[in-house]
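Bear in mind that the values here come from a model prediction, so they are computed numbers and not experimental data.
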Amino acid sequence: MAEAKVDPEPIAAPASAAADGGGVLRLGRPKLRLTSEYDSDTSIFLQKVSCKLLDNLAKLKLSFYNNGKGEVSEPQISFISKFFSLQYDVEERDAVLKTSLAIAPGVQFRAAHQVKARQGEVSVVADLATPAYKLELASAVPSVGMPKATFRFPLGEVSLEEKEVEDEEEQKSALSVSGILKSNVLNGVCTARYEEENWDLRYVFKDEQLTFVPSISLPSNVFSCAFKRRFTPSDKLSYWYHFDSNNWSAVYKHTVGKDYKLKAGYDSEVRLGWASIWAGDEAGKAKTAPLKMKVQFMLQVPQDDIKSSALMFRVKKRWDI
């Protein structure tokens with residue numbers, strides 16, 4: 001149940017200071033935000049402390065884990081702005097630097113550098129004719145070959161990249177092609193993904209009550225199917241079946257408003273039944289939840305050993321100081 005860490009997203013540029021009656025930045029005392037998460041499965045707290053600086057032009061953030069003994073691990077400090085961000089790992093004494101800026105109308109420059117490994121990536125994204133058509137050139141630093149070229153258009157994207165291929169006697173460079181294509185077919189959306197000589201084909205049909213998603217991988221011929229049925233605005237049943245392994249899973253969901261949700265399901269692959277209750281929007285942030293707190297209780301019942309059933313919970317609380 002532990003939630004994976006993700007890189008912080010750049011914050012949006014603030015509204016014009018002129019809207020507040022002046023053109024000078026307001027440099028008052030910054031507001032602190034403290035977010036604490038606890039997962040009973042790992043018995044570890046995730047703590048985040050952040051504040052916005054320079055009239056919301058930048059954000060400073062500290063995050064770390066701590067256990068019941070008070071031991072702190074994986075502390076990280078982040079500085080985030082619209083054009084530049086820095087993430088520093090205190091234990092590893094390593095930093096990741098990122099920048100993104102417009103160097104001309106319709107041309108975006110991006111760069112990332114990992115200090116300890118002395119490597120990174122630079123890329124340039126340019127509009128072609130209209131913003132719907134873009135060309136991106138990306139290269140590793142230090143360079144190990146030709147830059148990767150990606151052409152994006154309304155129906156998908158195509159990428160060309162030079163990769164090392166192991167031969168019986170030596171390594172050779174070869175041009176690799178990958179891409180995604182999307183198209184409307186029979187009131188649904190068909191998606192074809194190609195990478196390393198493998199195809200993933202997926203079709204999605206969706207209306208107000210029914211969602212049907214068959215998919216197949218080639219040349220492995222792995223076929224699966226998802227079926228979702230909405231009975232009422234508050235009740236939905238989802239079902240997945242994998243034809244290659246005969247494994248299946250099902251989930252029933254009942255919602256009460258946007259802040260309370262009851263889910264129950266079964267997974268045949270791990271032979272496990274479960275039920276959970278959410279207080280606070282499951283996919284939302286604690287900021288929008290009542291009392292700025294999200295709580296989940298989950299009961300897991302193994303089919304082969306009911307006596308080893310476990311009740312777990314997870315709490316996320318935010319304080320604005």
Within a strict 4.5 Å, meaning less than it, do heavy atoms of the [X] and [Y] side chains meet?
X	Y	result
Ser215	Cys225	no
Lys98	Phe84	no
Glu208	Arg230	no
Leu135	Val125	no
Leu62	Tyr88	no
Phe231	Lys236	no
Val90	Gln76	no

**Fill in**
residues 279-289 vs salt bridge (Lys or Arg N to Asp or Glu O under 4.0 Å), sequence neighbours excluded, gives Lys261-Glu282, Lys263-Glu282

**Request:** Give the intermediate values and the outcome of side chain to side chain contact (heavy atoms under 4.5 Å, CB included) for residues Gln303 and Leu272.
**Result:** CA-CA 6 Å; Gln303 181 177 342; Leu272 179 71; over 6 Å; no

Checking [X] side chain against [Y] main chain: does a donor-acceptor pair fall under 3.5 Å?
X	Y	answer
Glu121	Ala140	no
Asn184	Asn187	no
Asp89	Glu92	yes

Running the 4.5 Å side-chain criterion over Ile, Leu, Val, Met, Phe, Trp and Tyr, what cluster does [X] land in, apart from itself?
X	value
Leu137	none
Leu299	Val301, Ile306, Leu311
Trp319	Leu34, Val49
Trp248	Tyr194, Trp199, Leu201, Ile216, Leu218, Phe223, Tyr239, Tyr241, Phe243, Tyr266

**Prompt:** Do Ser176 and Glu161 get their side chains close enough for a donor-acceptor pair, meaning under 3.5 Å?
**Reply:**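 There is no such pair between these side chains.
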
**Prompt:** Do you see a donor-acceptor pair shorter than 3.5 Å between the side chains of Thr232 and Asp235?
**Reply:** yes

**Item:** Val124-Leu101 co-clustered via ILVMFWY side chain contacts under 4.5 Å
**Value:**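 Looking at the clustering, Leu101 is in the same group as Val124.
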
**Message:** With a 4.5 Å cut-off on side-chain heavy-atom distances among I, L, V, M, F, W and Y, is there a chain of contacts connecting Phe79 to Leu57?
**Reply:** yes

**Prompt:** Ion pair present between Asp39 and Arg314, side-chain N to carboxylate O less than 4.0 angstrom?
**Reply:** no

**Item:** Lys163/Glu196 ion pair, N-O < 4.0 Å
**Value:** yes

**Those residues that, when tested against Ser73, pass side-chain hydrogen bond (donor to acceptor under 3.5 Å, both in side chains) (two or more places apart)** =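 Here no residue qualifies.
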
**Asked** Who pairs with Asp320 by side-chain hydrogen bond (donor to acceptor under 3.5 Å, both in side chains), at least two apart in sequence or on another chain?
**Response** Lys292, Arg318

**Request:** Identify, with sequence neighbours excluded, every residue that meets salt bridge (Lys or Arg N to Asp or Glu O under 4.0 Å) alongside Asp244.
**Result:** none

**Item:** Partners meeting salt bridge (Lys or Arg N to Asp or Glu O under 4.0 Å) with Lys228 (sequence neighbours left out)
**Value:** none

**Message:** If you count every heavy atom of other residues, nucleotides or ligands that lies below 6.0 Å from Lys182 atom NZ, does the total exceed 12?
**Reply:**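 Check fails, neighbour count at 12 or below.
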
**Message:** Quick check on Glu71: does its CD atom have over 12 non-hydrogen neighbours (other residues, nucleotides or ligands) under 6.0 Å away?
**Reply:**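 Correct, the count exceeds 12.
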
**Message:** Just to verify, what does Phe45 make a ring-ring contact (aromatic ring centres under 6.0 Å, His included) with, not counting sequence neighbours?
**Reply:**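 Only Tyr38 meet the ring-ring contact (aromatic ring centres under 6.0 Å, His included) criterion with Phe45.
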
Scan the side chains in residues 105-114 for donor-acceptor partners under 3.5 Å anywhere in the protein, sequence neighbours excluded, and list what turns up.
from: Gln108; atom 1: NE2; to: Ser100; atom 2: OG; distance (Å): 2.9
from: Gln114; atom 1: NE2; to: Asp94; atom 2: OD2; distance (Å): 3.0

Which side-chain N or O atoms in residues 148-159 pair as donor and acceptor under 3.5 Å with protein atoms at least two apart or in another chain?
from: Thr150; atom 1: OG1; to: Ser159; atom 2: OG; distance (Å): 3.0
from: Arg152; atom 1: NE; to: Glu157; atom 2: OE1; distance (Å): 3.3
from: Arg152; atom 1: NH1; to: Glu136; atom 2: OE1; distance (Å): 2.9
from: Arg152; atom 1: NH2; to: Glu136; atom 2: OE1; distance (Å): 2.7

